[in-house]
Amino acid sequence: MEDRVVSVALDEIHKRFDANEVLKGISLSAHHGEVISVLGPSGSGKSTLLRCINLLEVPDSGRLFVSGEEVILKKTRDNRTVPADMKQVERIRSKLAMVFQQFNLWSHLTILQNVIEAPVHVLKVPRQEAIDRAKMYLDKVGIPDKLEAYPAHLSGGQQQRAAIARALAVEPEVILFDEPTSALDPELVGEVLQVMRTLAEEGRTMIVVTHEMGFAQEVSSRVIFLDEGLVMEDGDPQTVFNNPETDRFSTFIKAMV
Amino acid sequence: MDLSIILENLPIYFTGLKNTVILVSISLVLGLLLAVPLAILRNYGNPLVQLPIRAFVYFFRGTPLLVQMFLIYYGFGQFDLIKESLLWPFFREAYFCALFAFTLNTAAYTTEILRGAIKATPHGEIEAAMAAGMSRFLMVRRIILPSAFRRALPAYSNEIIFMLHGSSLASVITIVDITGAARIINSRFYSPYEAFLTAAVFYLAITFLIVFLVKKLEVHWFAHLQPQSTSEQVVESPP
């Protein structure tokens, strides 16, 4: 594993919201091609961890590296931590992509417009090239016929697949998934997981916060279990699921089934 | 009722119509151009920038348009500073004063309409824009404003119509708008009913046109809100 390229690295990341310390020193590195499932009870800091990676939340302390570049943070006078350089943050975000629990498609744009928005306006890809690419990705996620539809006209599963196409369109280093199936009706979960499985098989680097144990066990190459703001388990799915190091994980698994 | 009075004096009404249309459209366009940056700063600017904008909006929403117009047309002439300045040739003219008052008035109302619409942008869509690496400026231009304009349109169409009707106050400071034309006819022939009924018909016609145009814009802009059954999309069962 040591010889592989590190896409994202976190070193002793801390984050608190007022009195509540959500992340209590998380260190972890995601290598190119890894599919990491982040598991944990609600409130364990999974989503916060993911949101720290693309700086939707700014860590209070610790170091964060994205594709070899360290994110420079600074303290304000009232002792909050903020990024020192927003241009750097924008550049780093454009190398990552995020798929949200609530899809968060831009509702006034068609599906095609949603998918080409960041390539055209952030990455400055020529429009026609972006459109061709968007069509390819919408085909890949199985909604090639929805180009002109608006998000509100699609089912939840279709919206989430469109959101995945939007994420793919920027050809990111890493795709961050924040509970991508948690807002879906049970019968729509499968179609989204199927798309994610395809992406994993293509060797894309993914960090997935999820409650889908099946996905974590079968698709991911590595499982991380977070509890009370700390990494409790970290290893390949077989080891973690069959020989967990902590009782907490066993309890968590039992509660899930 | 004597319609011949009206028919013989239609040219006066058309002059009035022209003035009403010019006053209202210029003040609406300038007011909107002012309101967009003001509404953005009102939402995202620092408190020192927000305060004067709040004061501006509060003053123009808190006082009658007629009083604002009087303050500018009659009031400014009282100050030597203005009388001796390069601006005096403008503020001396009733037409300019009306335009000035209307523009600031509609800018204040429109700022408030847009402020609310911007504030109501779904937070998830803003996060998606940030996660995509958009700069603040790009996000405002591509995501927040297009989304906010759509939300603001129904309230803004009201503002357009209020401005049209409010513009009748221009007749008080000697301007021959539609109402001004009616007042001329009335004072000339002592026939208030015919004179003002004709003015009412002109206002109704313009309002009709505004409602029609807004409706067209809504069809175009609100496509994403239309129920699926009325668009060309067909309802599909999940695969």
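Quick note on labels: first sequence line is chain A, next is B, and so on, each numbered from 1.
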*Which bit of L96(A) comes within less than 4.5 Å of chain B, counting heavy atoms only: side chain, backbone, both or neither?*
backbone
*asked:* Main chain of E125(B), side chain of W106(A): is a donor-acceptor contact present, judged purely on distance under 3.5 Å?
replied: yes
_Toward chain B, the part of L105(A) with a non-hydrogen atom under 4.5 Å_ = backbone
*Residue among K87(A), M86(A), R51(A), K95(A) with most heavy-atom pairs under 4.5 Å to chain B*: R51(A)
*asked:* Under the criterion side chain to side chain contact (heavy atoms under 4.5 Å, CB included), I'd like the reasoning laid out for E117(A) against M134(B): C-alpha separation, chi angles, the key distance, then a yes or no.
replied: CA-CA 10 Å; E117(A) 182 66 27; M134(B) 288 191 188; 3.5 Å; yes
*asked:* Check this for me: L204(B), atom CG, are more than 12 non-hydrogen atoms of other residues, nucleotides or ligands nearer than 6.0 Å?
replied: yes
_Closest approach of H153(A) to A223(B) (non-hydrogen atoms, all atoms of both residues)_ = CE1-O, 3.4 Å
_Flag if over 12 foreign heavy atoms under 6.0 Å of CG, D18(A)_ = no
_For I143(B), which atoms come within 4.5 Å of any heavy atom of chain A: side chain, backbone, both, or neither?_
both
*Look at H123(B), R141(B), R150(B), R136(B) and state which one has the largest set of heavy-atom pairs under 4.5 Å with chain A.*
R150(B)
*asked:* Just checking F17(A): does its CZ atom have more than 12 heavy atoms from other residues, nucleotides or ligands closer to it than 6.0 angstrom?
replied: yes
_Heavy-atom pairs under 4.5 Å with chain B, option from N54(A), L56(A), L55(A) with the top count_ = L56(A)
*Assess whether atom CZ of F222(B) is packed by more than 12 heavy atoms of other residues, nucleotides or ligands within 6.0 Å.*
yes
_So for atom CZ, which belongs to F162(B), do other residues, nucleotides or ligands contribute more than 12 heavy atoms lying within a distance under 6.0 Å?_
no
_Looking at every heavy atom in both A128(B) and R166(A), which two are closest together, and how far apart are they?_
CB-NH2, 3.6 Å
*How far does CZ of R151(B) sit from OG of S107(A), to the nearest 0.5 angstrom?*
7.0 Å
*Quick one: closest heavy-atom pair of A131(B) and F100(A), and the distance?*
CB-CZ, 3.9 Å
*Nearest 0.5 Å, what's the NE2-CG distance between H108(A) and L145(B)?*
9.5 Å
*Crowding at CG, L209(B) (>12 non-hydrogen neighbours, <6.0 Å)*: yes
_Atom NE2 of H32(A) with >12 non-hydrogen neighbours under 6.0 angstrom_ = no
_More than 12 heavy atoms from other groups under 6.0 Å of NZ on K75(A)_ = yes
*Any chance you could measure S135(B), atom OG, to R93(A), atom CZ, to the nearest 0.5 Å?*
11.0 Å
